[in-house]
Amino acid sequence: MEYYFSPLKLQRSRRFLVNPHNTSSSKPLFIFFFFFLCNLSYVFTNPSDSAFESTYVRLCNHVVPASAVRSDAGTVPGVAGELRFQSGYFSGGDRFFNRSAASKHVSFRATSVSGSASDGVYELGGQMLLQQRGGGNTVQGRLLRRVFPGRRVSHWRVSQWMRVSLRGFWSQSSGNLCMFGTGSYGNLKNANVVLNLHYPKNLILLDCLISGTLESFDDKNSLQYFEPISILALSQGSNYKYTLVGNEKENGCGSGSDVESLSLRNLGQGACTAFLGRTDRFELDYGSHCHNVSCNPLGGDVERLPDVMLFYGTRCAERQKVQMLLGFPDSSHRDALFPFYTNATLVSEGMWDEKENRLCAVACRILNFTESGSNPLVGDCSIKLTLRFPAVLSLRNRSTVLGQIWSNKVVGESGYFGKVGFQGSLKVLRGLHGFQYKYAEIERVRKSCAEKMTARGKGKMYPDGHSSDMTFSMLVTNSRGQIAQGYSSPLFVGDQIYDGRQYGVPIVSTTGKLKAHGIQSDKYSNLLNVSYMMSFTSPPDFKFGSQVSSTEVKISAEGIYNRNTGVLCMIGCQHLKSRNKILIKNESLDCEILVNVQFPPLNSKGGESLKGTVESTRPKSDPYYFGPLQLSSYSIYTSQADASIWRMDFEIIMVLISNTLACVFVGLQLLHVKKHPDVLPYISIVMLLVITIGHMIPLMLNFEAFFLVNHSVQNVFLGSGGWLEVNEVIVRMVTMIAFLLELRLVQLTWSSRKGEGGHPGLWISEKKVFYMTLPLYIGGGLTAWLVHIWKNSHQKKFRPFRLSRHRFRFPRGHFYRSPSLWEDFKSYAGLLLDGFLLPQILLNIIFNSEGKALSSSFYVGTTIVRILPHAYDLYRAHSSAWYLDLSYIYANHRMDFYSTAWDIIIPSVGILFALLVYIQQRFGSRCILPKRFREISGYEKVPVIGNDDL
């Protein structure tokens, strides 16, 4: 509750009590009133303190007794970090939160910490956030299912949260915290809540949990009331002590592996660099022994074996001691935050063994956590874990992390489970040095692709194996025409881990490596050994082999890349997983796969794109045989993306120059009519209206550009930031100036026709021009409308490009937006502007006008402005590949008619019209007609007969 004091009321009280005319009685009154104000000001300047004190005593004094804040108390460094936690778990509050939510997270941070009169007691201000995502029957979930009927709604799309602002005390000696405040949930505001937390005092693995409750102290019948919420989180205090690691023999890690493992000594912080603060996802491998014994790390039956294990490093010390959380969520979990579920999370600590180059860890279960707020604890530390980084990778072993987790209990004992392997890739892979790759199928690749490997280039340049151009997004098409999306990236190039950040065409010698595989250096000096990771996600009905695949397909491949021809030939292996999870460890590899990829040239001018195939070399009768898959990609190279961006910048400048020149030429025409006002009536109003409307239509349809509301789809995909939007505003402003100048010219011409000197024959001639051109314009508009309907019914949709870190990529879920009807009308308006001189030519012929109605700078300059984009489009079509033409700015296909035919016809007609106007104004309006048509009856001035002549 907040209190406010009105200065206005105080001033009125002073005037009433203090009488300026009675000085004898004013002094004691003034002294009394001064002391009254001092007391009153203290009450009103500290209203929250008194209200806070009384409420705190009622709610929290039995947990942490309130203590007066010292006058010299300031912010206490370090305490806020001790109290802070994130990625905690909560349950309860069924009125607001769903029990079946896919994930629940709670976080807390102290926003202010002040010392008090009692030692070890601190006054706190803090904020808590409770968030859930997913849930079977939430309001948002039901809404999304109505909006998107028949579609699957991902868990993360449905999110609910409660924000709580709190104030209270924390006792360092007892570890208890009690705070109260207000929370908001959706449209519900000011829900009164009280938070009770208990922090561990001696921070060790067996006592590292923060537990407590968040309760409502509103009336149970109010809308703000909710059921108690239980909270559990991992303490992030700095005084943690490692107590269960250090003796590998006692921990039961056993002897080391025979496989060479990678050392972490070269990392700046040792094992801390590899593990701290990262959430990594590993696949679990169950062996055949799990038929006879339980292999579920969480307990329970075999049917509910988890598929993945999440590894989250929470703290690290002395370069080798690590505390981590091990999570076993559902395979559909895709949340970025670690899922701290009590029944699916293990708390662990381990030590990196520099002799064996492995992590040896002990893991414990979380016990006794209930929604009623029971004190949870960490126990049952019978679970062991080892993890290592294999130093040598190969086609059949691509995992950069290998490990095992098991229980050291006796078979049949409660909580026992057999050894479960896990493998995957650590996100810090690029920071680890010393990985090697052993190529095993190079000889086989050389035999399968002998002709392609011996071919030589024909003056074309192809990407180097170490450049970022070797990664590509792809479409995978099967024999039925079904399409899946995927991505491919090198793992190793030669003996180096693929970095992907190199630019250009470095020369990397592979002669020694090729000789080792029996390849002659003089014949294969431009060949590179490469290994790839290819994956694609197939739709539910995608036919792949003898079965219908609806999951992610991963293919490991290695082979040879020919830098002279851009040919990549590889042997691939696919994991053939059994439907029975316990046989995953004994899964077989299908390495009878041949992958061929043809990269387009770097200096391509014909719009080539990446093509390839994935084929099974097994006989068709083999159950693992699958039909050929076609690969395609429209990713473009780094150099091409740079050229496209450079061209966009150039076109922006051209647009600004063209629109500025349009303003200049209209201004010159205004100066011309100012010097020669007698020519104003002979300017065609229809022509001026065509020019004015031609500029008005784009202004009307793009008026939102003034407010930067419309962010073009093209601009988003090209990663142009706000430059194109700013350019749009500038262009529209210049166009607006041209539009206003043209309106002024229309007004002057119209006024001259209405004046005393106006000739009635001009209006009749103007009407004839209007009747002649109107059917032409209407017919053109109907044609544009019919063409628009035809294009929408026949045009194939394709996906546009976006500019990512290095290249234009092939994004998911965005299709090419076909031009709308309004955009086609904008194109038609541009065509009318190209032929703007036609009404003036017709008016000159019909009225047989004399004089120079139009200045040469106006009609010649405007014609050049209209011709230049078409000339540039012709140049661009013959000098740029098709992929660069997706970003139209200057010669924009959505704004006008552009094709090879139109780029020739429109400039030719424009030049012809300008030449006709020049001839008419120099040799007579009808000189362009045959002689027999020149003498057309026209309007002549007849002398007026007055009364004096009668």
Side-chain angles (χ1 to χ4, degrees), residues 85 87 200-210 233-257 261-280 282 297-298 309-328 338 340 345-367 376-390 401-409 415-417 419-422 426 428 432:
F85 64 83
S87 297
K201 291 179 287 185
N202 299 317
L203 194 53
I204 59 176
L205 182 62
L206 297 178
D207 188 16
C208 61
L209 298 179
I210 303 170
L234 185 71
S235 175
Q236 298 180 228
S238 60
N239 58 338
Y240 182 84
K241 296 180 180 179
Y242 295 86
T243 57
L244 300 183
V245 296
N247 192 329
E248 287 73 16
K249 294 182 179 180
E250 292 181 4
N251 291 335
C253 284
S255 59
S257 174
S261 299
L262 199 65
S263 174
L264 301 183
R265 293 180 181 178
N266 60 338
L267 298 181
Q269 298 180 6
C272 297
T273 304
F275 299 117
L276 183 60
R278 290 182 170 85
T279 301
D280 294 286
F282 302 132
L298 303 176
M309 181 183 77
L310 297 183
F311 184 104
Y312 175 53
T314 55
R315 70 176 81 240
C316 189
E318 303 175 13
R319 292 176 53 91
Q320 56 183 355
K321 294 181 180 180
V322 184
Q323 185 199 43
M324 54 267 186
L325 294 176
L326 307 177
F328 300 87
F338 184 88
F340 192 70
T345 301
L346 302 178
V347 184
S348 175
E349 69 177 32
M351 177 176 288
W352 181 260
D353 186 349
E354 293 188 351
K355 293 181 180 180
E356 299 289 346
N357 290 326
R358 65 176 179 177
L359 178 71
C360 184
V362 177
C364 308
R365 301 185 188 276
I366 299 175
L367 308 174
L377 54 91
V378 176
D380 188 10
C381 299
S382 61
I383 303 172
K384 311 300 177 185
L385 176 140
T386 60
L387 181 150
R388 61 187 177 86
F389 305 102
V401 175
L402 294 177
Q404 288 182 325
I405 183 171
W406 71 95
S407 172
N408 63 356
K409 289 186 176 182
Y416 169 84
F417 64 93
K419 283 192 175 181
V420 179
F422 60 87
L426 199 67
V428 75
L432 298 177

Participant: Please round to the nearest 0.5 Å and tell me the distance separating atom CE of M309 and atom CG of D280.
Facilitator: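 If I round to the nearest 0.5 Å, the distance is 9.5 Å.
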Participant: Might you work through the side chain to side chain contact (heavy atoms under 4.5 Å, CB included) test for V401 and F389, ending with a clear yes or no?
Facilitator: CA-CA 5 Å; V401 175; F389 305 102; 3.6 Å; yes
Participant: Rounded to the nearest 0.5 Å, what separates atom OG1 in T243 from atom CD1 in I204?
Facilitator: 5.0 Å
Participant: For the residue pair K355 and D353, what are the closest heavy atoms and their distance?
Facilitator: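 Looking at all heavy atoms of both residues, the shortest contact is N-OD1, 3.0 Å.
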Participant: Which pair of heavy atoms, one from C316 and one from A271, lies closest together, and at what distance?
Facilitator: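 Heavy atoms of C316 and A271 come nearest at SG-C, 4.4 Å.
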Participant: Atom NZ of residue position K409 - does it have more than 12 heavy atoms of other residues, nucleotides or ligands inside 6.0 Å?
Facilitator: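 Yes.
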Participant: According to the interplanar angle, ranging from 0 to 90°, do the rings of Y242 and Y240 count as parallel (below 30°), tilted (30 to 60°) or perpendicular (above 60°)?
Facilitator: perpendicular
Participant: Indicate the atoms forming the closest heavy-atom contact of C364 with L206, along with that distance.
Facilitator: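 Scanning both residues, the minimum pair turns out to be SG-CD2, 4.5 Å.
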Participant: Judged by atom type as modelled, is there a donor-acceptor pair below 3.5 Å linking the side chain of Q320 to the main-chain atoms of G270?
Facilitator: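 No, because the side chain of Q320 does not come within donor-acceptor range (under 3.5 Å) of the backbone of G270.
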Participant: Would you confirm whether E354, through its side chain, and R265, through its main-chain N or O, come within 3.5 Å as a donor-acceptor pair?
Facilitator: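 Between the backbone of R265 and the side chain of E354 there is no qualifying donor-acceptor contact (under 3.5 Å).
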Participant: Let's go through L402 and S261 carefully: what are the C-alpha distance in whole Å and the side-chain angles of both, what is the deciding distance for side chain to side chain contact (heavy atoms under 4.5 Å, CB included) to 0.1 Å, and is it a yes or a no?
Facilitator: CA-CA 10 Å; L402 294 177; S261 299; over 6 Å; no
Participant: Looking only at atom types and distance, does a side-chain atom of S407 sit under 3.5 Å from a main-chain N or O of I383, one as donor and one as acceptor?
Facilitator: no
Participant: To the nearest 0.5 Å, what is the distance between CZ (F338) and CG (L234)?
Facilitator: 9.5 Å
Participant: Could you go through V347 and L325, starting from their C-alpha distance and side-chain angles, then the distance that decides it, and tell me whether this counts as side chain to side chain contact (heavy atoms under 4.5 Å, CB included)?
Facilitator: CA-CA 5 Å; V347 184; L325 294 176; 3.9 Å; yes
Participant: Can you tell me how far the CD1 atom of I405 sits from the CG atom of L346, to the nearest 0.5 Å?
Facilitator: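 Those atoms lie 5.5 Å apart.
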Participant: Going by distance alone, is a donor N or O of one side chain under 3.5 Å from an acceptor N or O of the other, for T386 and Q404?
Facilitator: no
Participant: Has N202 got more than 12 heavy atoms of other residues, nucleotides or ligands less than 6.0 Å from its CG?
Facilitator: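 No, because the 6.0 Å sphere around CG of N202 holds 12 heavy atoms or fewer from other groups.
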Participant: Can you tell me how far SG of C272 sits from CH2 of W352, rounded to the nearest 0.5 angstrom?
Facilitator: 12.0 Å
Participant: Work out which heavy atom in V362 is nearest to a heavy atom in C381; give both atom names and the distance.
Facilitator: CG1-O, 3.6 Å
Participant: Show your reasoning for whether side chain to side chain contact (heavy atoms under 4.5 Å, CB included) applies to M324 and L359.
Facilitator: CA-CA 12 Å; M324 54 267 186; L359 178 71; 3.9 Å; yes
Participant: Evaluate the side-chain proximity of T273 to L264: yes if any heavy-atom separation is below 4.5 Å, no if none is.
Facilitator: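 No, their side chains stay 4.5 Å or more apart.
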Participant: C208 and L203: which non-hydrogen atoms are nearest, and at how many Å?
Facilitator: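 Distance-wise, the nearest heavy atoms are CA-CD1, 3.7 Å.
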Participant: Can a donor-acceptor pair be found, under 3.5 Å and without considering hydrogens, that links the side chain of R315 to the backbone of G237?
Facilitator: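 At least one qualifying donor-acceptor pair exists.
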Participant: Could you pull out the closest heavy-atom pair between I210 and P200, with the gap in Å?
Facilitator: CG1-CD, 4.1 Å
Participant: From Q236 CD over to Q323 CD, what is the distance, rounded to the nearest 0.5 angstrom?
Facilitator: 9.5 Å
Participant: Report yes if the side chains of F417 and L298 come closer than 4.5 Å at any heavy-atom pair, otherwise no.
Facilitator: no
Participant: Verify, without hydrogens or angle tests, whether T345 (side chain) and F340 (backbone) share a donor-acceptor contact under 3.5 angstrom.
Facilitator: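 No; judged by distance alone, with no hydrogens or angles, the pair does not exist.
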Participant: Can you check whether F311's main-chain N or O pairs, donor with acceptor, with R278's side chain at less than 3.5 Å?
Facilitator: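 Flag not set: sc R278 to bb F311 has no pair under 3.5 Å.
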